[in-house]
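Below, chains carry the letters A, B, ... as their sequence lines are ordered, and counting in each starts from 1.
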Protein chains: 2
Amino acid sequence: MNFRALRSAIPIFTLLFAVVAPACGEEGMWTFDNPPLKELADKYNFRPTQEWLDHLRLSSVRLNDGGSGSFVSPNGLLLTNHHVARDELQKNSTPEHDYVRDGFYAATPDQEMKTPDLEVNVLVGMQDVTARVQGAAKGARDDTGALEARDAEIAAIERESKDKTGLRSDVVTLYNGGEYWLYQYKAYTDVRLVFAPEEQAAFFGGDPDNFTYPRYDFDIALYRVYDNGKPLDTENYLKWSAKGAAPGELVFVSGHPGSTSRQGTVAELLLERDVIEPQFIEYLERRVDAEQAFQKQTPENAELVETNVFRLQNSLKAYLGREEALTDKVVLAKKEAEEKDLRDKVAADPELEKEYGDAWDEVAHAVDLARPEMPKRILRRTDSQLFSFALQIVQYVVEVKKPDGERLPQYHEAGLDSLRYQLLSPAPIHPSVEKLYMTTALTLAKEKLGASDEYLQAILQGGDIDKTVDALVDGTRLGDPAFRKSLLDGGEAAVAASSDPMIVAARRVDPVWRASYIFYRDHISSVFAAADEKLGKARFAVYGKNAYPDATFTLRLSFGTVKGYPYNGTTAPPFTTFYGLYDRAASFSDKAPWNLSPKEEAARDELDLATPMDFVSSCDVTGGNSGSPVVNRDGELVGLVFDGDIESLAGNFVYDGTRNRAVAVHSAGIIEGLRKIYGVGALADELEGKP
Amino acid sequence: MNFRALRSAIPIFTLLFAVVAPACGEEGMWTFDNPPLKELADKYNFRPTQEWLDHLRLSSVRLNDGGSGSFVSPNGLLLTNHHVARDELQKNSTPEHDYVRDGFYAATPDQEMKTPDLEVNVLVGMQDVTARVQGAAKGARDDTGALEARDAEIAAIERESKDKTGLRSDVVTLYNGGEYWLYQYKAYTDVRLVFAPEEQAAFFGGDPDNFTYPRYDFDIALYRVYDNGKPLDTENYLKWSAKGAAPGELVFVSGHPGSTSRQGTVAELLLERDVIEPQFIEYLERRVDAEQAFQKQTPENAELVETNVFRLQNSLKAYLGREEALTDKVVLAKKEAEEKDLRDKVAADPELEKEYGDAWDEVAHAVDLARPEMPKRILRRTDSQLFSFALQIVQYVVEVKKPDGERLPQYHEAGLDSLRYQLLSPAPIHPSVEKLYMTTALTLAKEKLGASDEYLQAILQGGDIDKTVDALVDGTRLGDPAFRKSLLDGGEAAVAASSDPMIVAARRVDPVWRASYIFYRDHISSVFAAADEKLGKARFAVYGKNAYPDATFTLRLSFGTVKGYPYNGTTAPPFTTFYGLYDRAASFSDKAPWNLSPKEEAARDELDLATPMDFVSSCDVTGGNSGSPVVNRDGELVGLVFDGDIESLAGNFVYDGTRNRAVAVHSAGIIEGLRKIYGVGALADELEGKP
């Protein structure tokens, strides 16, 4: 699915969540403090112990580039997807070595390859801080005051935790304000690449087969996490199941779904359908077109933006699927019925009606205000890494001088370590790519918002887009991490004195950005937040906590069974085999994107072709779950999530257990491939726990 | 698709045809007198000669059990589908030999196995008799008189032709009365079975995979046609293409599509959607349930009705697909737009308006009359072979004494040879099956039509269904072909004197049947026929003869290219390979209906697994096309049609070139399978023309 890319392509609006209906079937992305124990016991006669849950949680990791993973050996071996590792593979590539295309294997520890800016988080602590956060907002003058009070309290909680434990500490909003939790993460930044297959093996079928099943992808990558310069010594890793997932088996996914809008009110969904999705689809199409044209110019260009085109196409397919879901009358009717049920039950109880009855109208009002703002929020962008550095540096030096509670949320004390790690990444930046992205973004913005738009004015000052972009990218020194460090260290004075053209432009943009942010926060976000909190509480009051919150890129547990589903007039099988890989390649005459990788081609006669390769389960997943482990009742790893089927795209709004499927690489297929396609038996031995 | 079965399950209503819109894309089931020469020249730069067309026509055959086929060797070898030959395989089976399940191979000529009642027709002559048929109806008193006059003229034309040439002679209504053609067939009845694979290989994937693609079916059977006791010596056979169909290649299908309703008026389509499809679906579901329950009783039962369950499920899936098509707003909107276009153009021309302008209202009126009649027409049935013999014998002896032009159409002189061949078939009849079918049909009819229905009264005389059926089936001697012959030979007197209970019941049913037939003919069929003729002529007047007629189980030429199509969020490949067979079997853990046949299982390591097995083309086909040859520009056989994809089910009403596909076995796959799975190299040599 390339779940990862999806999330990273939608940095702007993660606002449209509300609260959750009681789950049914195998639906749900459950927090580890509230796993669906009753349903597991009733339906599967399975009663996981707290130890089972803790072990799975502590073996699961979040990657800061938007994916999930898990520890799979006592020596810090970390399993995720090739497409999650793609960025890091590209950053390590050189003109001599294209690790994305050709893959990578470190036969010895000293060959393991450091990633420039990867951060791995393990959720080691969770505390309910709802009372403290909600309490802080009591008696606030209005919604904006409440929002500010909650933000300040959240910053304080995060800082206290960070100071006390040294752990990365994030307060997470769940049930859209119904609950707040402090999540404490152990963070690792010394992460080294051990193995990746060729991209063609990982992404066989390319964009056409993306988000579909049956699939034949070997979408795996292995890192090793180091601690104090040595491989991490840990008991929190998943034992390998050689047999792997079997049809009909109960399985679990432990990972980090990025975002869902399952509990958006109908008014919010219509905003998505009518404004956000079409605008975003147009934006993505524009970028894909521009970047593919760029790729055609030279082979070097082709490689430079390949990862990005991959991500954009992935997002585009996901958005088209979402748009289709929202134009499906059945989907909308289901959402309307859910909303009506809750609203009727609230209306039937005078107490509840008094507390929460006006929430829907408040949301609808905020949606009306948001509607004209959305084009600006989506299109005011440069897509330039250098400009993003510039704006963050300009804001950073100002924000860190303020009391923590008064800062913009992304500059809270507790998050500064991770932020600085990103800002000082040594990963290379390519001027030609920067220009391409920036020109494309500004051109579309100018078309849609008009040249007089304040944001565009601040960047272009009435000038020509091409010339301005050339001057900015060619003139800036921000490509050098040392220069960025000097500005951060020099603080407000250094930034104010800088004549770096990108910094100068960012100084002009900053007030426009802040005004827009504050307007949106005070008039829209705060209303959503207040109404969402009401809806969350109303839902608790009516249905109890028999529910899971919308996804927030925090650790969740899904469960389901390994099973096929109705498709194409017949039935999709529970798993695929290596036979199917060779069938699909041959049936397209080995033409891209259905060509075999050289190693797959060579290994044809070595493999036991009937070995399961990929499989599906009814576990409820979405973007961000890429790289999540699939485990069985014994907590053994039976698979590795890498995608959802085409029907899962509607899962952003509705889970349909008959057709929504998580697609994973099968653990038996991973071993067969490592041993016989890639000849890396030592690595397979380490996974299988063999000496 | 099992296109064959579809047709045989809908014997009742082939009325709802009108005339054809100008074809576009690769649409069309063209008559051989009017092939799409301009389009082939313009689009493919292909100009078939008359010789090319004649050779293909004379190499194509129609099988009297509803399928198509072709001659593939100079010694009368005839290629069709296993599922077309299934009936004959079953009729030849014994308690010792289950040829349906296990397949068959005649290693020597004397082992070739005679089929009991198969008739093969080759279209050797075609003459336009429109003027004569339409002329006969001129000055008729009313629509019924016109219908009778046309029927009488048709009977005369057929008889004259039969007398003069000895050929089977059928007058075919095309463009729904816009044209009438005399089709003359050379008929062969000495047809012997040479080869069939195991059913599991032919029908891998069973009912779930039926009407879908990608597929992995080896759905072939080979007969040899004998003439005067010797293998037919013919030059009219298709040369084999060893390479077979290649992606992107222009190909043709020459076969016998059974029926389509592409040009039904919207009123007729609504009748199908609202009345016919639901009623027929319920009927089919009832039969499937009853027969599957019967199968569970004993292994012998399971085998006895297996072919029929196969057919019923096939029809059911087809009807469900049709129903879905008719509830698709896009499909209906397209039909409405087509109708509006023609109607507007007719209205714009006073001459045309005067001649044809009232046709739509006339159809709508006939539809209103037909609506309440439909349940009777669908449900008044026994599904008993013995009862069918009885009623036909009772009618036969009366009808043949009348002048040819006054007989019921199915007793016209020209068709009597074929009819007697069927009535005297030595194929075994199983009383337990007869009882099952009859009880099921009568029970449903009683439920829906009420016990007082005249037809039911005539059979049951107020008695209990089970007891009556037992008495009829146990008491009749009609299972014996010699007894049937004695009644036919004894004529009216013998039939009138017979106390055989089935004959006695048929004598009671006959007048009810006739009254219903006459009412329907006089008030509905005749109106449809008259209106259809107007619509056909209007269409010719407006669009010219740039069109093909709806399917009529007569020989047609389709064309298209070998190509995949959008499916399941990605692309279906142009062909599949043997790799895919083993993938799909393994991915369902070899569970039925995805288990391999024993010979396929054993041949796994012998095969070149990358050999194409099945493929798709955009050729326009429907039920009845099963067994049709697919040929290339050189007229060589590159494949064997056996099905359509799930999207082709809407093809009964609309052809959608982006997704409608014919599914065929690939000629290279046939050779690979014959040689390596079945070890019948001599047969492969004969196909390939090797000494």
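- Contact check for Leu640(A) versus Asn81(A): side-chain heavy atoms found under the 4.5 Å cut-off.
- Neither the backbone nor the side chain of Phe615(B) comes within less than 4.5 Å of any heavy atom of chain A.
- A salt bridge links Lys676(B) to Glu672(B): one of the charged nitrogens lies within less than 4.0 Å of a carboxylate oxygen.
- The NE2 atom of His83(B) lies 9.0 Å from the CZ atom of Arg311(B); values are rounded to the nearest 0.5 Å.
- Contact annotation for residues 585-592 of chain A against chain B (heavy-atom separation below 4.5 Å, listed by residue number): Ala586(A), Ser587(A), Phe588(A), Ser589(A).
- The closest donor-acceptor contact from the side chain of Arg633(A) to the backbone of Val251(A) lies at 3.5 Å or more, if one exists at all.
- Below 4.5 Å, heavy atoms of chain A meet heavy atoms from Arg604(B), Leu609(B), Ala610(B), all part of residues 602-612 of chain B.
- Side chain of Asp645(B) to backbone of Tyr213(B): no donor-acceptor contact under 3.5 angstrom is found.
- Using a 4.5 Å heavy-atom cutoff, the side chains of Glu600(A) and Leu581(A) are in contact.
- A distance of 5.0 Å separates OH of Tyr565(A) from CD of Glu647(A), quoted to the nearest 0.5 Å.
- Only the side chain of Tyr567(A) comes within contact range of chain B, with heavy atoms under 4.5 Å apart.
- Residue with the most contacts toward chain B among Thr576(A), Ile646(A), Asp207(A), Asn568(A): Asn568(A) (heavy-atom pairs, distance under 4.5 Å).
- When side chains are defined from C-beta on, Lys334(A) does not count as touching Phe653(A), because their heavy atoms never get closer than 4.5 Å.
- Checked for salt-bridge contact, Arg584(A) and Asp583(B) miss the test: no charged N lies under 4.0 Å from a carboxylate O.
- Atom CD1 of residue Ile281(B) and atom OH of residue Tyr319(B) lie 9.0 Å apart, to the nearest 0.5 angstrom.
- Between Phe575(A) and Pro247(A), the closest side-chain pair of non-hydrogen atoms falls below 4.5 Å.
- Only the side chain of Tyr216(A) comes within contact range of chain B, with heavy atoms under 4.5 Å apart.
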